[in-house]
Number of protein chains: 2
Amino acid sequence: MAPTFLYAQLAHEIIHLIDKGTFQPGERLPSLRSLSENRQVSIATVSQAYLQLEAQGYLEARPQSGYYVCLRPPVLALPHSTSAPDAPAQVGKNAFISQILDESRRPGILPLGSTILDPSYLPIKHLSRLIARLAACPENHTYAPTAGFEGLRRQIARRTLDSARPIGFQEVVITSGCMEALNLALRTLAKPGDLVAVESPTFYGILQAIESLGMRVLELPTDPTTGLDLAALEQALKQHPIRVLLTIPSFQNPLGTCMPFENKLRLLAIAARSGLQIIEDDIYGEFYFREPPPTLFSLDRQQSVLLCSSFSKTLAPGFRVGWALPGRHFETFLQLKRMTSLGTASLQQLVIAEYLASGAYERHLRRLRPQLERSLLQALQMISQHFPQGIRVSRPEGGFILWLELPVGTSVMDIYKQALSVGISIAPGPLFSNRELEYPALRLSLNLPWGDRLEQALYQLGDILRQNIRH
Amino acid sequence: MAPTFLYAQLAHEIIHLIDKGTFQPGERLPSLRSLSENRQVSIATVSQAYLQLEAQGYLEARPQSGYYVCLRPPVLALPHSTSAPDAPAQVGKNAFISQILDESRRPGILPLGSTILDPSYLPIKHLSRLIARLAACPENHTYAPTAGFEGLRRQIARRTLDSARPIGFQEVVITSGCMEALNLALRTLAKPGDLVAVESPTFYGILQAIESLGMRVLELPTDPTTGLDLAALEQALKQHPIRVLLTIPSFQNPLGTCMPFENKLRLLAIAARSGLQIIEDDIYGEFYFREPPPTLFSLDRQQSVLLCSSFSKTLAPGFRVGWALPGRHFETFLQLKRMTSLGTASLQQLVIAEYLASGAYERHLRRLRPQLERSLLQALQMISQHFPQGIRVSRPEGGFILWLELPVGTSVMDIYKQALSVGISIAPGPLFSNRELEYPALRLSLNLPWGDRLEQALYQLGDILRQNIRH
């Protein structure tokens, strides 16, 4: 037998096994070495078979991991765009949001309504070794400088070296999570009564911050693939005295959309023309599946952007360590930080600085991203097969959340309550807007590794949806 | 020789040694056992001699430690009262305060301008063992509930059992240090533009918080022994729309005064009559030398008081764990907390909860209080002997700070700069008021154990003061 025949035959057999379901989408194939030993063929032959299957779209290679059966996202309709902007409004969602959050955080609830990653995804062991070591030194428990420890600020600055706008550590302010950064950013750029434009829908924490600061909100329409509707923004700028735009350009919460590169440039051009100030929430920026999306901040040549981010999603929520790049508002931002919280917890800053300096953070993210993608794709498969007809779903290119549009007339609050009663939390759409959303919707977080627990929960959700959707 | 003669003779000899300076104030005498062995007398005899010397005021007994030569505070004049209230004013001290703080926190500076205790005073070893153990559990790194972990809230509630108003854990909100608690308390009770009354002088962080929130300040006169001038408060309430009083009743910063019990009751009666809301900063409340001063909160029967405190002074500044007892404003306070910072760092909460539950906190405080008192008394001795004439000094009954009034015409900023140039930071008086203080003053923190380093620094300060005080 000629060697070409050998690898082609092997490839053919593998396709058969995939079609029969012996290898499921997302599963890892045997390593080159083990298959070569088991089948008594050369490693080169197995390698050639795998390469052919990769070219045919059956397999995908994952760096340092091996070959996996491709997950192909099922063809599901996307949610609709949201409509024209509303009038500026006082935000009044806080009581509702708080109630939902309280209910969803009860112990024993599978938190698919939460954007916290399951601890099994996080490098807790490594971090806790660093904690134990650094905690032994008394100096590590004194006040941190208001701007944060220089070591951590340096590491954060270094990570911008690949971007179009590398920054010095002097431009970084460490904050107590992204939430503090967003609050301080809002207070830096706007006063009570000022108008803040946001995407509709948007992260409820942003609505709460705007409400608590006595500012008003203007919700702008969004597109299910490109995010913020820039034409609508331009229109709104003519009609309303928008003081600041608070946007989540990369892997928007809850839509999952990533603003295309051209749109980012266009948004910055609008800002330059109109003097609009932008707060960029980049908390999901690291969760890309393919290419790192550039931040608005890195593309900004006019100092229009103040960036907020955090390690809460990638490392440990309970650390409460985030940061801001306040640009030309550095001094004002830092003063506010000093006046409101003095500084951020010391030990966690030092631990993260060491973790980053060792290179472990990049390795962790490289491992994490394909795991999140797999879980998301598995969930999409399952939704296409087991969820009732008429549901429209987002198709994010990063992150771990899905936005589900349900048929008009469906009570998402009923679904929310029924899911909670079987021990599953979801985030109902009304959390994400100050007005009535155009359609019933919910956000689903695929925040734990794919497995029986998640699969079972999605089955249960499918059943609940079926009972609630009237056709 | 009759036994009475023996102990009386022994006592006489010890007085002689004290007078000659063989035993210095603050030094520990030999234990009963060792002296009895050395002198070949019974333990009862030594004990009786010590008891007589204690009755005569030469010695003091310290529980579980032994007998010490009494430190008698030297007779130093007290600072003057501050004058009648100013007009309400916008606060504009922030740039100045920030500059001083930045300068004072340079590495290598002996921070006598700071109210952080030296790490040698803090139970870092014990805490770091707890940290190492608790950090290993992944669940301990997830978001804390917004109000804080129940375990810690319970421990804080338990510590109120001895007070006149024991509380349930449901009344406690954990905050990121006292500074966050004060900020949230101000935002809970007042709006931008509202008038906040404070003691004059007061902690600069309070002035900064009021400034950053766009509120106005009214500084009220104080008395060097009793603190806030209640008559002046009543007068001011008739003239100005005071929205809230922010006071530090116990061991006021920078005055060190403790509001007498009767004054606390009178203040609460004023609040009840006038509807005045009170924010009580109790961060130094645990540092009493004799009796624990009751908090305003514990005496309050009208729900006029919102208490703020922290473990930053007693355990570890870098932990950033404080708390509030918001009373009837609980819900509003909690909402604001959620909207501004989500929650407080998790691990530190769990560590402090365990530390408190083990009883170690009370033991630590019992050890710490006499150490702080000794350091303060030693410093007073030294000030009376080596500082120039004309300086007036506070005489606190708790805490570790002294407030020094300097003769009129002295430039305290020159003194501040000269001290900094020899590596010592002090807190210049202008930090503590939004207006011009009636007299030049400075705050000195005795925040490290008495020893050569502190003694040497006080010598240097004495020299600098001598060069700067014109007679």
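Atom set for the values below is all heavy atoms of this structure, side chains included, hydrogens, waters and symmetry mates excluded. Chain letters run A, B, ... following the sequence lines, proteins first and then strands; every chain starts at 1.
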Taking all heavy atoms of [X] and all of [Y], pick out the closest pair and write down the distance.
| X | Y | answer |
| --- | --- | --- |
| A:L207 | A:F432 | CD1-C, 3.8 Å |
| B:P326 | B:L306 | CA-CG, 3.5 Å |
| A:L454 | A:P449 | CD2-O, 4.1 Å |
| B:F333 | B:A324 | CZ-CB, 3.4 Å |

Candidate polar pairs, chain A side and chain B side, donor-acceptor under 3.5 Å:
unit_1	atom_1	unit_2	atom_2	d
A:N94	ND2	B:Q335	OE1	3.0
A:S98	OG	B:Q335	OE1	2.6
A:S98	OG	B:R338	NH1	2.8
A:D102	OD1	B:R338	NH2	2.9
A:H141	O	B:G318	N	2.6
A:N183	ND2	B:M339	O	2.9
A:N183	ND2	B:T340	O	3.3
A:R187	NH2	B:S212	O	3.2
A:R187	NH2	B:S212	OG	3.3
A:S212	O	B:R187	NH2	3.3
A:S212	OG	B:R187	NH2	3.3
A:G318	N	B:H141	O	2.6
A:G318	O	B:S346	N	2.9
A:R320	NE	B:G343	O	3.2
A:R320	NH2	B:S341	O	3.1
A:Q335	OE1	B:N94	ND2	3.0
A:Q335	OE1	B:S98	OG	2.7
A:R338	NH1	B:S98	OG	2.8
A:R338	NH2	B:D102	OD1	3.0
A:M339	O	B:N183	ND2	2.9
A:T340	O	B:N183	ND2	3.3
A:S341	O	B:R320	NH2	3.1
A:G343	O	B:R320	NE	3.3
A:S346	N	B:G318	O	2.9
A:Q348	OE1	B:Q348	NE2	2.6
A:Q348	NE2	B:Q348	OE1	2.7

request  = Among residues two or more places apart or on two chains, list those pairs meeting ring-ring contact (aromatic ring centres under 6.0 Å, His included) that have a residue in residues 172-193 of chain B.
outcome  = none

Under 4.5 Å, counting heavy-atom pairs only, tell me which of [options] racks up the most with chain B.
| options | answer |
| --- | --- |
| A:C137, A:P317, A:P138, A:G322 | A:P317 |
| A:P192, A:A136, A:A345 | A:A345 |
| A:A135, A:A95, A:P145, A:A132 | A:A135 |
| A:P119, A:A144, A:G318, A:C178 | A:G318 |

query = Which region of B:L213, side chain (C-beta onward) or backbone (N, CA, C, O), has a non-hydrogen atom less than 4.5 Å from a non-hydrogen atom of chain A, or is it both or neither?
reply = both

Calculate, to the nearest 0.5 Å, the distance between atoms [atom1] and [atom2] belonging to [X] and [Y] respectively.
| X | Y | atom1 | atom2 | answer |
| --- | --- | --- | --- | --- |
| B:I174 | B:L152 | CD1 | CG | 4.0 Å |
| A:L122 | A:I116 | CG | CD1 | 10.0 Å |
| A:L315 | A:I352 | CG | CD1 | 5.5 Å |

